[in-house]
Amino acid sequence: MTGPRRDPDMVRPYVRTGGQVRARDDVRLESVLIAATGPTDSLGPDARRVMRLFSGAEGGLAVADIAAALELPPSTVRILVSSLMDSGHLASPVAAGDHQPESDLLQEVLRGLRSMV
C-alpha cells in the first residue's frame, strides 16, 4: 500500500447516522415503511435521500430495498430509518411481530406444500 485511502465518497457509517449506533428493535430488514407528508428541509443529506425514494413509490418500501437503492450498509439504513420514524417522517403500517400467523397454521401450510412436491 502506498498510503491511506483517499476516497471522497467514503463516509463512515457513524457520520451518516449522526453518531447513533443502534436502531429501534422493531426495525428489521423486512420491515415495510410508508412516508408521512411534511417538510424534509431540516433532515441530513442521507435522510433526505431516504425520503426521496418514497416520492415515486406506490405504497411502502422495505428497509432492505432502501439499503439496496442507496447502496448503503443495511445496518446504517436501519439506524437512519429509526431516526426518521422517531421524528415522524416514516411509519410502519404494522409493527413487526403483530398479526403473526399461528405456528399450527404454518405447519399445516408446510405439510400441504410438501405433499404437492
Side-chain angles (χ1 to χ4, degrees):
M1 299 198 113
T2 60
R5 181 177 168 175
R6 298 198 192 286
D7 186 352
D9 294 332
M10 177 69 168
V11 178
R12 298 277 183 209
Y14 64 86
V15 173
R16 290 187 185 277
T17 63
Q20 192 175 351
V21 295
R22 291 199 195 284
R24 291 171 35 161
D25 289 337
D26 62 341
V27 176
R28 300 188 313 221
L29 290 178
E30 67 272 12
S31 298
V32 176
L33 305 167
I34 56 173
T37 58
T40 58
D41 300 337
S42 63
L43 299 176
D46 288 314
R48 283 195 306 267
R49 286 178 62 205
V50 169
M51 295 305 294
R52 259 187 251 124
L53 291 176
F54 287 92
S55 65
E58 297 278 332
L61 291 172
V63 175
D65 295 332
I66 296 169
L70 298 180
E71 297 179 352
L72 291 174
S75 58
T76 302
V77 173
R78 284 184 64 227
I79 295 169
L80 287 170
V81 163
S82 288
S83 295
L84 288 168
M85 289 175 76
D86 290 341
S87 67
H89 288 91
L90 293 178
S92 180
V94 177
D98 289 351
H99 307 294
Q100 295 285 336
E102 296 292 325
S103 63
D104 295 339
L105 174 64
L106 293 176
Q107 289 295 330
E108 188 63 32
V109 169
L110 183 59
R111 272 188 235 110
L113 289 172
R114 285 183 177 154
S115 70
M116 294 172 71
V117 177

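Numbering starts at 1 and runs along the sequence shown. Side chains included, hydrogens not; waters and symmetry mates left out as well; all remaining heavy atoms used. All values derive from a computational prediction rather than experimental measurement.
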**Q.** Nearest-0.5 Å distance, CZ of residue R48 to NE2 of residue H89
**A.** 11.0 Å
(Q) For a quick test of reading the model, state the closest non-hydrogen atom pair linking V63 to R78 and the distance between them. (A) CG1-CG, 3.9 Å
Q.
Distance check, rounded to the nearest 0.5 Å: I66 atom CD1 versus L53 atom CG?
A. 6.5 Å
Q | Identified side-chain contact (heavy atoms from CB on, under 4.5 Å) counterpart of L43 within the set V50, L80, L84 | A | L84
(Q) To the closest 0.5 Å, what do you measure between CD (E108) and CD (E102)? (A) 14.0 Å
Q.
Tell me whether I34 shares a hydrophobic cluster with L90, the cluster being built from Ile, Leu, Val, Met, Phe, Trp, Tyr side chains joined at under 4.5 Å.
A. no
Q. Under 4.5 Å between side-chain heavy atoms, hopping through other hydrophobics if needed: is there a path connecting M116 to L105?
A. yes
Q: Working to the nearest 0.5 Å, report the span between CZ of R111 and CG of L106.
A: 11.0 Å
(Q) Run the side chain to side chain donor-acceptor pair (under 3.5 Å) test against Q107 and tell me which residues pass, sequence neighbours left out. (A) none
Q: Find out whether L61 and L33 are in side-chain contact, i.e. whether some heavy atom of one side chain is under 4.5 Å from a heavy atom of the other.
A: no
Q) For A36 and M51, which heavy atoms make the closest approach, and how far apart are they? A) O-CE, 4.2 Å
**Q.** Where L29 and P74 come nearest, the two heavy atoms and their spacing
**A.** CD2-CB, 3.5 Å
